[in-house]
Amino acid sequence: MSQNIQKEKTKQRWEAWIRNSIKSLLEDDTICITKADKGNSVVIMDRNKYMEKMSSMIVTGPYTILNHDPTPLYAKLVAEKCHKLTELKLLPEHLLEKTPRSPIIYGAPKVHKKDIPLRPVVDYRNSPTYKLSKYLANILTKVASKHEFSIKNSTEFVEELKKTRSRPGDKKVSFDVTSLFTMVPIPETLEYIKQRLEEYPDLKKLTSLPINDIMSLLELCTTSSYFQFQNQYYKQNYGTAMGSPLSPIIAEFFLQKLELTKIKNNRFIYFWRRYVDDVLCIARGRNQDKILRDINSFHPSIQFTVEEEIDGKIPQQQKR
């Protein structure tokens, strides 16, 4: 019994130490605590260094300074469109934020890369278009499902790979898109989304919205890309922002169009499977450079990098 009491006291001391340590870190104005870009780890950075990197990232990024907070304007535009469609019973009633706020940008440290650069992530929660974007993303995700080249997780990838038999001379390569979300061409992708909606046989089971209204709402959400940083507001000039509910599915549609155009009938490609923007390809012979040139010619905004297998394995990539 005394041993159990001692263990309980030790546990309490550790818990008290952890609470005090966390409190001390949270009260320290000289550091910044944030989530890493990959995995579930937490990163503690010098606050001045973090702010320097954030400022540099914004200055060099696809952003324009705004002289005012556009939140009231976007909230009004969203409300006008949603009220009209709600009255017609084409939209549910819960898609408006009661007290909308500006999206806020932060940087997720890429701890696996040299000098630990930051990935821009925008917190869209409670922004004027957040709930509407989630509603539209849910529709589009179902329309984009069952694409022959995209996989949902690593388990599905392994199962697909087991079914594939490589032949002598086949080469494994990994393709990776550079800055997909911020570079995806919105006008061309929206045109393709409209085409896919028109071709989708069960759209009425997903939503009562006519296609033209879906496209109008998508255009509103994708042109409302802005954020706040240190009391200054910025507009994103092109692409989408990581953190928007629509960004992953818009990028997915663009890559599906690329694959159906450049990959489906490519006689050099034996196996092509993609998880988000990472691709494993098995190519016949040494044609990876030719494939790279071909897919990079699809659109000037989107460029892939390639990494070849070494001793039958793909090296650990240094992600964006």
Side-chain angles (χ1 to χ4, degrees), residues 37-38 62 110 112-114 117 119 144-193 195-196 199 238-240 242 247-320:
D37 177 47
K38 301 289 184 181
K110 303 179 185 180
H112 54 286
K113 298 199 75 171
K114 184 180 178 182
R119 181 196 293 277
S145 65
K146 299 180 180 179
H147 179 62
E148 61 184 295
F149 295 116
S150 58
I151 56 175
K152 298 177 182 177
N153 49 52
S154 58
T155 302
E156 185 178 345
F157 169 76
V158 171
E159 291 301 317
E160 289 280 336
L161 198 56
K162 283 180 180 179
K163 301 174 186 176
T164 305
R165 293 184 178 181
S166 297
R167 305 180 309 181
D170 285 346
K171 192 80 171 178
K172 291 188 183 74
V173 293
S174 174
F175 291 100
D176 181 36
V177 185
T178 303
S179 302
L180 174 61
F181 285 4
T182 55
M183 299 302 292
V184 64
I186 297 298
E188 295 94 327
T189 305
L190 290 184
E191 287 181 11
Y192 180 63
I193 289 174
Q195 175 188 327
R196 291 287 297 274
E199 296 170 350
Y238 47 82
T240 62
M242 177 168 283
S247 293
I249 190 59
I250 287 177
E252 174 66 22
F253 271 108
F254 175 82
L255 292 176
Q256 287 189 12
K257 182 181 180 183
L258 181 151
E259 288 164 341
L260 293 174
T261 305
K262 293 291 186 179
I263 305 303
K264 187 175 179 64
N265 298 314
N266 191 314
R267 62 189 179 90
F268 297 117
I269 296 174
Y270 181 56
F271 178 89
W272 178 286
R273 293 295 182 272
R274 171 179 52 80
Y275 176 65
V276 188
D277 58 351
D278 294 327
V279 175
L280 178 66
C281 169
I282 300 177
R284 294 189 174 98
R286 296 181 176 273
N287 293 290
Q288 59 268 21
D289 291 337
K290 187 177 294 185
I291 294 170
L292 181 65
R293 289 194 298 271
D294 193 29
I295 59 178
N296 279 345
S297 70
F298 183 70
H299 196 282
S301 295
I302 299 295
Q303 297 294 291
F304 287 74
T305 59
V306 63
E307 196 160 2
E308 299 181 27
E309 66 175 341
I310 299 176
D311 297 328
K313 297 180 180 179
I314 299 293
Q316 179 64 39
Q317 288 184 307
Q318 299 301 309
K319 299 298 181 187
R320 301 170 306 282

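Please read these numbers as outputs of a predicted model, since none were measured by experiment.
A side-chain donor-acceptor contact under 3.5 Å links Gln256 and Glu252.
Contact between Ile186 and Gly239 at its shortest, heavy atoms only, is CG1-O, 3.9 Å. Here the closest non-hydrogen pair linking Val184 and Ala251 is CG2-CA, 4.3 Å. Smallest separation of non-hydrogen atoms from Phe268 and Asn266: N-OD1, 2.9 Å. Heavy atoms only, all atoms of each residue included: Lys262 and Ser297 are closest at NZ-OG, 3.5 Å. Considering every non-hydrogen atom in both Val306 and Phe175, the closest pair reads CG2-CE2, 3.5 Å. In terms of heavy atoms, Asp277 sits closest to Leu255 at CA-CD1, 4.3 Å.
For Tyr238, the side-chain contact (heavy atoms from CB on, under 4.5 Å) partners two or more places apart in sequence, or in a different chain, are Pro62, Met183. Here Lys257 pairs with Tyr192, Thr261, Phe298 under the side-chain contact (heavy atoms from CB on, under 4.5 Å) rule; sequence neighbours left out.
Inter-residue side-chain proximity for Asn287 and Asp289 is flagged as unmet; no heavy-atom pair is nearer than 4.5 Å. Looking at Tyr270 and Thr164, their side chains come closer than 4.5 Å, going by heavy atoms from C-beta outward. Within the 4.5 Å cutoff, the side chain of Pro185 has heavy atoms near those of the Ile302 side chain. Between Phe304 and Leu258 the shortest side-chain heavy-atom distance falls below 4.5 Å.
For the atom pair CD (Gln288) and CD (Glu308), the distance works out to 4.0 Å, reported to the nearest 0.5 Å. Between the CD1 atom of Ile282 and the CG atom of Asp170 there is a distance of 6.5 Å, given to the nearest 0.5 Å. Expressed to the nearest 0.5 Å, how far NE2 of His299 lies from OG1 of Thr189 amounts to 7.5 Å. In this structure, the separation between CZ on Arg284 and CZ on Phe271 is 13.0 Å, given to the nearest 0.5 Å. Between Thr240 atom OG1 and Phe254 atom CZ the span is 11.5 Å, to the nearest 0.5 Å. Atom CZ of residue Arg119 and atom CZ of residue Phe181 lie 8.5 Å apart, to the nearest 0.5 angstrom.
Side-chain atoms of Gln303 come within 3.5 Å of backbone atoms of Asn296 as a donor-acceptor pair (strictly under, hydrogens ignored).
With respect to Arg273 and Glu156, no salt bridge is recorded, no charged nitrogen being found less than 4.0 Å from a carboxylate O.
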